[in-house]
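Taking it in order: structure first as structure tokens, then the write-up.
Bear in mind that the values here come from a model prediction, so they are computed numbers and not experimental data. Sequential numbering from 1 along the given sequence is applied to the chain's residues.
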Amino acid sequence: MAKKAGKGFILVCLQLLLCFSQINCIRAKGEDGSDDEIKGMFVFGSSLVDNGNNNYLENSTAKADFLPYGIDFPKGPSGRFTNGKNVIDLLGEMLKLPCLIPPFSDPSTKGSKVVHGVNFASGASGILDDTGFLAGQVISLNQQIRNFETVTLPQVQKQLGVNRRENRKAMKKYMFIMGTGGNDYLFNYFERKGEYNVSLETFTVNLTTSLSLQLKKLYRLGARKFVLMSVYPLGCSPMLNAMRKDGCIEVMNQAAILFNDGLKSIIDAAKSDMPTSNLVLVNSYNIVTDIIQNPSSKGFKDANNPCCEVVPLTQLAGNGVSCKKGGRICMDRSAHVFFDGLHPTEKVNVEIATKAFTSDLKTEVYPINVNQLAQL
């Protein structure tokens with residue numbers, strides 16, 4: 001009995017040590033003892049890539065720092081809008097980064113903790129400053145970029161011991177991940193359609209033009225390797241179940257397609273606009289659509305309903321998206337495509353991250369995959 005207890009104690013200690021090393025970013029080296037090719041990631045966008053920034057926003061209703069969010073995540077509820085790891089966590093593992101990317105808003109994200117990257121993303125935010133008004137307080141994309149420029153970048157330069165002139169070379173070892181755009185449609189254009197006197201096409205052009213300017217700002221700050229995450233098939237999300245009869249809401253999916261085409265145009269134009277940059281588009285729209293249309297091929301059983309209990313739009317304080325605190329949850333998370341009314345389960349995130357890193361299909365990654373980007 002004592003031997004069994006001793007073995008159990010040792011196992012727990014090893015697990016804690018592993019967790020401790022991951023959290024505290026023990027420096028990873030290549031097989032030859034040199035630094036890894038990619039040193040870290042700087043992440044911008046909304047809830048699909050948010051690692052917990054909204055936890056620190058007092059007046060935000062877009063939070064995921066409570067169960068059942070994080071039920072399968074090693075650290076429990078962390079502010080990630082899923083049951084386990086999100087795409088950023090998984091890409092970090094594939095890039096062999098030594099730790100999870102910390103959220104900017106965490107007061108402890110400073111000094112040596114910024115060396116492997118920082119996550120600036122904020123749930124419910126968008127490309128436009130006024131997107132997110134329904135959630136109260138969010139961090140807009142423009143503000144996220146300002147946070148990188150004025151706070152994090154000087155700290156990274158100090159930690160790496162580089163000056164402004166050497167900054168461009170140092171930044172080549174970082175990936176800049178951009179995952180945004182969906183909220184500008186769901187919680188801005190379609191929510192306030194009566195206030196807009198522009199067509200969906202014109203709104204999309206304005207949106208992608210704004211994003212292009214924001215990417216160019218990061219480019220001027222030294223960013224050279226970009227990963228753009230496309231918008232999902234918005235019209236297929238469970239939050240819209242009450243509004244749809246058969247299939248998905250096509251006008252919302254058309255909005256996503258228009259935006260994603262705009263992302264591809266940004267990448268093509270970057271050859272002249274940002275000549276020493278390399279950009280990759282991860283077409284999560286196609287990846288998720290393939291799963292929804294044929295869920296059993298990937299081991300899913302439910303592509304229509306959220307895994308967690310969601311407070312519907314018809315009820316007081318319901319937004320149709322968020323899990324109910326302490327509410328019911330499905331037993332087999334891996335069988336569901338969606339965890340809540342909008343966000344995918346960890347299993348879907350694994351599918352997206354794996355294809356982002358390894359796929360050779362131009363319908364899934366364009367013009368190259370993330371692994372190939374890392375080698376440039």
Side-chain angles (χ1 to χ4, degrees), residues 18-19 21-23 25-26 28 36-53 64 69-103 116-121 123 174-180 182 225-232 280-291 298-300 307 333-340 342-361 364-366 368-375:
L18 180 61
C19 183
S21 66
Q22 185 183 36
I23 292 169
C25 283
I26 290 178
D36 289 332
E37 184 66 25
I38 292 297
K39 188 181 287 286
M41 295 188 295
F42 296 111
V43 184
F44 306 84
S46 59
S47 53
L48 292 169
V49 293
D50 184 357
N51 277 12
N53 280 299
Y69 290 111
I71 190 169
D72 301 310
F73 190 66
K75 297 169 67 177
S78 63
R80 289 163 172 79
F81 290 78
T82 186
N83 59 301
K85 296 174 183 176
N86 64 18
V87 170
I88 299 304
D89 302 318
L90 296 161
L91 285 177
E93 290 177 1
M94 294 173 185
L95 289 166
K96 295 182 171 58
L97 299 185
C99 60
L100 298 171
I101 306 299
H116 298 291
V118 173
N119 190 314
F120 300 89
Y174 291 88
M175 282 196 183
F176 286 72
I177 316 291
M178 185 69 69
T180 188
K225 294 179 178 178
F226 294 89
V227 177
L228 310 184
M229 307 296 297
S230 84
V231 169
Y232 288 19
V280 167
L281 170 63
V282 177
N283 200 327
S284 5
Y285 182 98
N286 287 346
I287 297 168
V288 174
T289 298
D290 287 345
I291 295 172
K298 301 293 183 182
F300 294 95
C307 168
R333 267 83 71 185
S334 66
H336 278 253
V337 173
F338 293 96
F339 185 64
D340 62 11
L342 184 61
H343 307 98
T345 56
E346 179 184 81
K347 187 174 178 181
V348 173
N349 290 331
V350 169
E351 289 286 333
I352 295 169
T354 301
K355 288 182 179 294
F357 201 75
T358 63
S359 180
D360 292 321
L361 299 176
E364 295 177 341
V365 289
Y366 177 84
I368 57 177
N369 62 41
V370 173
N371 187 32
Q372 292 166 329
L373 177 66
Q375 310 308 316

Notebook entry, point to check: Between atom OG of S334 and atom NZ of K347, what is the distance when rounded to the nearest 0.5 Å?
Noted result: 5.0 Å

Next item on the list: Identify, with sequence neighbours excluded, every residue that meets salt bridge (charged side-chain N to carboxylate O under 4.0 Å, His left out) alongside K225.
Entry: none

Item checked: Residues in side chain to side chain contact (heavy atoms under 4.5 Å, CB included) contact with T358, at least two apart in sequence or another chain -> T354

Margin query: Would the distance check show the side chain of D50 and the main-chain N or O of F81 forming a donor-acceptor pair, the cut-off being under 3.5 Å?
Written below: no

Margin query: Please enumerate all residues that pass side chain to side chain contact (heavy atoms under 4.5 Å, CB included) together with L48, with sequence neighbours excluded.
Written below: Y232, H343, P344

Margin query: Rounded at 0.5 Å granularity, tell me how far CG in D89 sits from CZ in F73.
Written below: 5.0 Å

Checklist line | By ring-ring contact (aromatic ring centres under 6.0 Å, His included) - contacts of Y174 (at least two apart) | finding: F42

Next item on the list: Could you walk me through whether E351 and V337 pass side chain to side chain contact (heavy atoms under 4.5 Å, CB included), step by step?
Entry: CA-CA 11 Å; E351 289 286 333; V337 173; over 6 Å; no

Next item on the list: Check N119 against N53 and note the closest heavy-atom contact, atom names and distance.
Entry: O-ND2, 2.8 Å

Item checked: Min side-chain heavy-atom separation M94-V370 under 4.5 Å -> no

Margin query: How long is the straight-line distance from CG of L373 back to CD1 of I38, given to the nearest 0.5 Å?
Written below: 6.5 Å

Checklist line | Straight-line distance of N286 CG to I352 CD1, nearest 0.5 Å | finding: 11.5 Å

Item checked: Closest non-hydrogen atom pair, L91 against A356 -> CD2-CB, 4.3 Å

Next item on the list: Supply the atom-to-atom distance L95 CG to N371 CG, rounded to the nearest 0.5 angstrom.
Entry: 7.5 Å

Checklist line | Set of side chain to side chain contact (heavy atoms under 4.5 Å, CB included) partners for S46, sequence neighbours left out | finding: S125, N183

Check: Roughly how far, to the nearest 0.5 Å, is the OG1 atom of T82 from the CD1 atom of I71?
Finding: 11.5 Å

Next item on the list: Answer yes or no: is there a side-chain heavy-atom contact under 4.5 Å between F339 and Y69?
Entry: yes

Note to self: Looking at every non-hydrogen atom in both residues, tell me the closest pair between V348 and H336 and how far apart they are.
What the structure shows: CG2-O, 4.5 Å

Check: By side chain to side chain contact (heavy atoms under 4.5 Å, CB included), which residues pair with V365, not counting sequence neighbours?
Finding: S359, N369

Next item on the list: Decide whether R80 and S78 meet the rule of one side-chain donor and one side-chain acceptor closer than 3.5 Å.
Entry: yes

Next item on the list: Identify the residue among V49, V227, I101, V118 that makes a side-chain contact (heavy atoms from CB on, under 4.5 Å) with M41.
Entry: I101

Item checked: Validation row: M229, M178 side chains within 4.5 angstrom (heavy atoms) -> no

Next item on the list: Flag the pair L90 / F357 as yes when at least one side-chain heavy-atom distance between them is below 4.5 Å, and no otherwise.
Entry: no

Checklist line | Heavy-atom pair with the smallest gap, counting every atom of P77 and A64 | finding: CB-O, 4.4 Å

Check: With a 4.5 Å limit on heavy-atom distance, are the side chains of L100 and N51 in contact?
Finding: no

Margin query: For Q375, is there any backbone N or O sitting under 3.5 Å from a side-chain donor or acceptor partner on E37?
Written below: no

Next item on the list: Of all the heavy-atom pairs spanning P102 and G117, show the shortest one and how long it is.
Entry: CD-O, 3.3 Å

Checklist line | Close side-chain approach of Y366 to N283, heavy-atom, < 4.5 Å | finding: no

Notebook entry, point to check: Is a side-chain N or O of D290 found less than 3.5 angstrom from the main chain of I287, in a donor-acceptor match?
Noted result: no

Margin query: Using every non-hydrogen atom in the two residues, find where S284 and S230 come nearest and quote the distance to one decimal.
Written below: N-OG, 3.0 Å

